[in-house]
Amino acid sequence: MKRASLACFWNDMPAFSFTIEAECPRSWARAGTVLTPHGAIPTPIFMPVGTQATVKSVSPEELRAAGAAIILANTYHLMLRPGSQLIHEFGSLHGFMRWDGPILTDSGGFQVFSLGHLRKLSEEGAAFKSHLDGSPHLLTPESVMRIEYELGADIILPLDICAPYPSSPHEARTAMERTHRWAERALKAKEGYNPEQTLFGIVQGAFEPELRQQSARFVGSLPFPGLSIGGLSVGEPKETMWELLRYTTPELPPGKPRHLLGVGSPEDLVIGVGLGMDMFDCVLPTRVARHGGLFTRSGRISIKGARFRRERGSIEEGCDCYTCRTYSAAYVHHLARTEEQLYYRLGTIHNLRFMLRLAAELRASIIAGTYPEFRDEFLARYVPASERVRQAQREKWKGARSQK
Ligand SMILES: [Zn+2]
């Protein structure tokens, strides 16, 4: 009897839940917890991207040590190689890659969209040719649910259409309306698969504030337990992205977690949290790390720079990552200059830890009621790389002018 009631208790446990623990009264920031079958995710959170079922150059143990609570994997790449069926045979992504924490998979739509001439869109779905061998494939809202079931992530996304930047209002509306029809088809198809997986809806609307609001209301009204904001950070100015979020967030249901798809530089995380976003993912921190770009409180530095040649201290004083606790900046500089394998691992660990610590600090500031101060102090100190490059160029031009 006892066992039966216990089993019943477990069966009644929801596979997914979101609770908000604190809200900032002076912005839209909130701190919460997303619960999944593979563990809890404190929000705001940064999700490292493991495109090929691996966050490049680091192991699951190193991800854990850096504080990762959830990772993202790409459906497009994995369905082509090694194939979702093969991954399913190995116990889905968790069993295959030996990461036992929460995983989110995208729908593959964004990669198909970026293939351009290799794809053809219709009401049925997106037909495309593999970038590996040219083989033809068709992604539909229904087939994506099957593929993501086989991949077995905790949070999965439906097929959507990401309109390019710039898009005409007509193009934007057509893409949004089809995304909405596909969302309903995905919800229906999902019913036939694993109820332990949670399907998020995707808000689109391109760069039209009214469409963004409309999409937020429509997708928000469907029975999705969480929402991803798609189609941003695709080449538009940053200010445009933030402006569109200012229109979008108030239209979203407050009780569902919000994922800003493909966005995640340090300054984006800090600003996005204030605009009501809870989850972020981006290849940027790991990609720039492999090229020598490492994050510090005062901005992105190039570890290959000569100033680190004899630096006995760590990359950043006070950083609690494995790299900074163990090695001098001079050694990491040497590894980066000689393109040694170990550099990719050490650089990636530092940037991941920076992002995950930043997410934890943002969360703590929201709970303490000091998020706006934290945001302003961070942004005053942090110089984004692009801005620094622009500044350096301005100095050069000024110098050239004064010589004339
Ligand atoms: Zn570090």
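In listed order, ligands and their atoms are each counted from 1.
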Listed once per pair and sorted, the salt bridge (charged side-chain N to carboxylate O under 4.0 Å, His left out) pairs that draw on residues 273-299, sequence neighbours left out: Arg30-Asp278, Arg297-Glu361
Heavy-atom check, side chain of Val263 versus side chain of Met241, under 4.5 Å: yes
Gap separating the NE2 atom of His350 from the CG atom of Asp320, nearest 0.5 angstrom: 10.0 Å
CZ on Phe128 to CG on Leu138, rounded to 0.5 Å: 8.5 Å
Flag for Gln204-Asp160: side-chain donor and acceptor within less than 3.5 Å: yes
Under 2.8 Å from the Zn ion (ligand 1) - protein N/O/S, by chain and number: Cys319 SG, Cys321 SG, Cys324 SG, His350 ND1
Passing option when Thr105 is tested against Asp154, Asn74, Leu93 for side-chain contact (heavy atoms from CB on, under 4.5 Å): Leu93
